Amino acid sequence: MRDIYRMLAVVAALAVAGTGVLAIAQSGRADEAAARPVAAPPAGPASSTPSPSPTPTPSSTPTATHAPTPAAIPSPGASIAPGYTAMEALAADRRVPKLPGRVKLRALPGKPIRTRGVIRDAKTGVSLPRLRGPWKRYGAAPFTSRQVLPPAGRSPRGMLVSCPVPIEAQKSLRDTAQLAARWTLNHHPKGAVIRWLGAQPVKKGWSLVYQVRYGKRSSVAAVVVLDAGQARPALVFVTIPDTHKKRWADIRRVTSVVRVLG
């Protein structure tokens, strides 16, 4: 009988010891799980209604601050970015190279056309030549006067127009003329770039003549900007595509005849 009691006591002792070992093992697993990083819960089903952003809670840990990104230089044709002047936007436009001080205009192909008097544009305060055929007068809007050449295929149409300068006038009429030349790219095919052919002062203003290239084709154009005593300087703009190359000499005629109304 005593042997039976001794065996029962040994079995009981072993059971108690096993329970302690199991408790220690479970405690170790719990500590190990607590030390692991907690995974984010799985995303819920997509919903068309956005959930509200959580309200940030104050933290004693300072967060890193980043310097504001400076405004990007405006892309060609874009409006002026905040913090940039019109001339800075011009300098950043790769379509328009830097204008030298003065450029003497060489002879242009063709024979200058004869004129039929002048057009007196009271809204801009200038007079410009009225050209003979194939030029003809056309509806002025959105300009204050307009003459055009007959269309030739898909090429842009040659035209001679006048209007108050449609860009921000500068203190220097030379600078205003450069901005006006840049603006005229809106009236040429996409991808057009300028190459200066002539730049010289005229009475009460500046005259710029330039080639506009777009792909394999080109035009010759000119702007004349004059101070005619109006709220805004006057702009006379002429452009002729290479499909009317023999009319390029008309550009010299135009730039030499434009005058402020007396």
Side-chain angles (χ1 to χ4, degrees), residues 105-167 177 180-192 194-195 197-198 200 202-226 228 230 232-262:
L105 178 63
R106 298 181 179 179
L108 295 172
K111 183 178 180 180
I113 199 168
R114 298 180 62 183
T115 63
R116 299 171 55 190
V118 298
I119 295 174
R120 297 174 63 86
D121 185 353
K123 293 183 179 179
T124 59
V126 300
S127 65
L128 58 155
R130 182 174 181 178
L131 304 178
R132 293 181 178 272
W135 290 90
K136 65 177 182 178
R137 295 193 72 172
Y138 195 76
F143 308 101
T144 51
S145 76
R146 175 160 50 176
Q147 301 172 69
V148 298
L149 283 170
R154 296 183 179 180
S155 296
R157 195 168 192 175
M159 64 179 182
L160 166 59
V161 301
S162 60
C163 62
V165 291
I167 42 81
R182 179 185 186 233
W183 170 83
T184 66
L185 292 178
N186 295 328
H187 295 276
H188 291 95
K190 185 178 180 180
I194 282 176
R195 181 171 72 91
L197 300 179
Q200 62 182 14
V202 294
K203 188 175 181 180
K204 296 188 177 183
W206 268 82
S207 170
L208 305 179
V209 182
Y210 47 98
Q211 183 184 41
V212 184
R213 298 198 65 86
Y214 35 90
K216 297 180 179 180
R217 309 309 297 266
S218 68
S219 296
V220 173
V223 293
V224 181
V225 173
L226 300 173
Q230 305 290 338
R232 301 179 69 82
L235 168 66
V236 174
F237 163 51
V238 56
T239 178
I240 302 174
D242 54 11
T243 48
H244 286 284
K245 189 174 182 178
K246 63 181 180 181
R247 298 263 57 89
W248 280 356
D250 296 351
I251 292 175
R252 182 184 289 274
R253 174 76 75 193
V254 170
T255 57
S256 64
V257 174
V258 172
R259 295 284 186 275
V260 172
L261 290 174

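This is a predicted model, so every value here is computed, not measured.
Between atom CD1 of residue I119 and atom OG of residue S145 there is a gap of 5.0 Å, rounded to the nearest 0.5 Å. Atom OG1 in T255 sits 12.0 Å away from atom CG in L128 (nearest 0.5 Å). Atom CZ of residue R217 and atom CZ of residue R154 lie 12.0 Å apart, to the nearest 0.5 angstrom. In this structure, the separation between CG on L131 and CZ on R137 is 11.0 Å, given to the nearest 0.5 Å.
Of all the heavy atoms in I113 and G133, the pair that sits closest is CD1-O, 3.4 Å. Heavy atoms only, all atoms of each residue included: S207 and V202 are closest at CB-CG1, 3.9 Å. In terms of heavy atoms, A177 sits closest to V223 at O-CG2, 3.7 Å. H244 and P150 make their closest contact through NE2-O, 2.9 Å (heavy atoms, listed as atom of the first residue, atom of the second, distance). Between L149 and P134 the shortest heavy-atom distance is CD2-CG, 3.8 Å. Nearest heavy atom pair, residue P112 against residue A249, reads N-CB, 3.6 Å.
Judged by distance alone, the side chain of S219 and the main-chain N or O of V212 form no donor-acceptor pair under 3.5 Å. Within the 3.5 Å criterion, the main-chain N or O of R116 finds no donor-acceptor partner in the side chain of R130. Between the side chain of D242 and the main chain of S218, a donor-acceptor pair closer than 3.5 Å is present. A distance-only check finds a donor-acceptor pair linking the side chain of R252 to the backbone of R106 [under 3.5 Å]. Checked by atom type and distance alone, the side chain of R247 pairs as donor or acceptor with a backbone atom of K111 at under 3.5 Å. Q200 places no side-chain N or O within 3.5 Å of a backbone atom of L105 that could act as its donor or acceptor partner.
Atom OH of Y214 sits in a crowded spot, with more than 12 heavy atoms from other residues, nucleotides or ligands closer than 6.0 Å. Residue R120 qualifies as open at atom CZ: its count of foreign heavy atoms under 6.0 Å is 12 or below.
Contact of the W135 side chain with the V148 side chain is not registered, since no non-hydrogen atoms from C-beta on lie closer than 4.5 Å. Looking at heavy atoms from C-beta onward, T124 lies out of side-chain contact with L226 at the 4.5 angstrom threshold. No side-chain heavy atom of P164 sits under 4.5 Å from any side-chain heavy atom of Q230. L235 has its side chain out of reach of V224: every pair of non-hydrogen atoms, C-beta onward, lies at least 4.5 Å apart. Between R182 and I167 the shortest side-chain heavy-atom distance does not fall below 4.5 Å. Residues V260 and K203 have side chains not in contact (no heavy-atom distance under 4.5 Å, counting atoms from C-beta outward).
Inspection of the H188 and T239 side chains reveals an N or O donor paired with an N or O acceptor under 3.5 Å.
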**Report entry** D250 vs V238, side-chain contact (heavy atoms from CB on, under 4.5 Å): CA-CA, chis, key distance, verdict
**Finding:** CA-CA 9 Å; D250 296 351; V238 56; over 6 Å; no
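Note on ring orientation: taking the six-membered ring where Trp is involved, the planes of F143 and H187 are tilted (angle from 30° to 60°).
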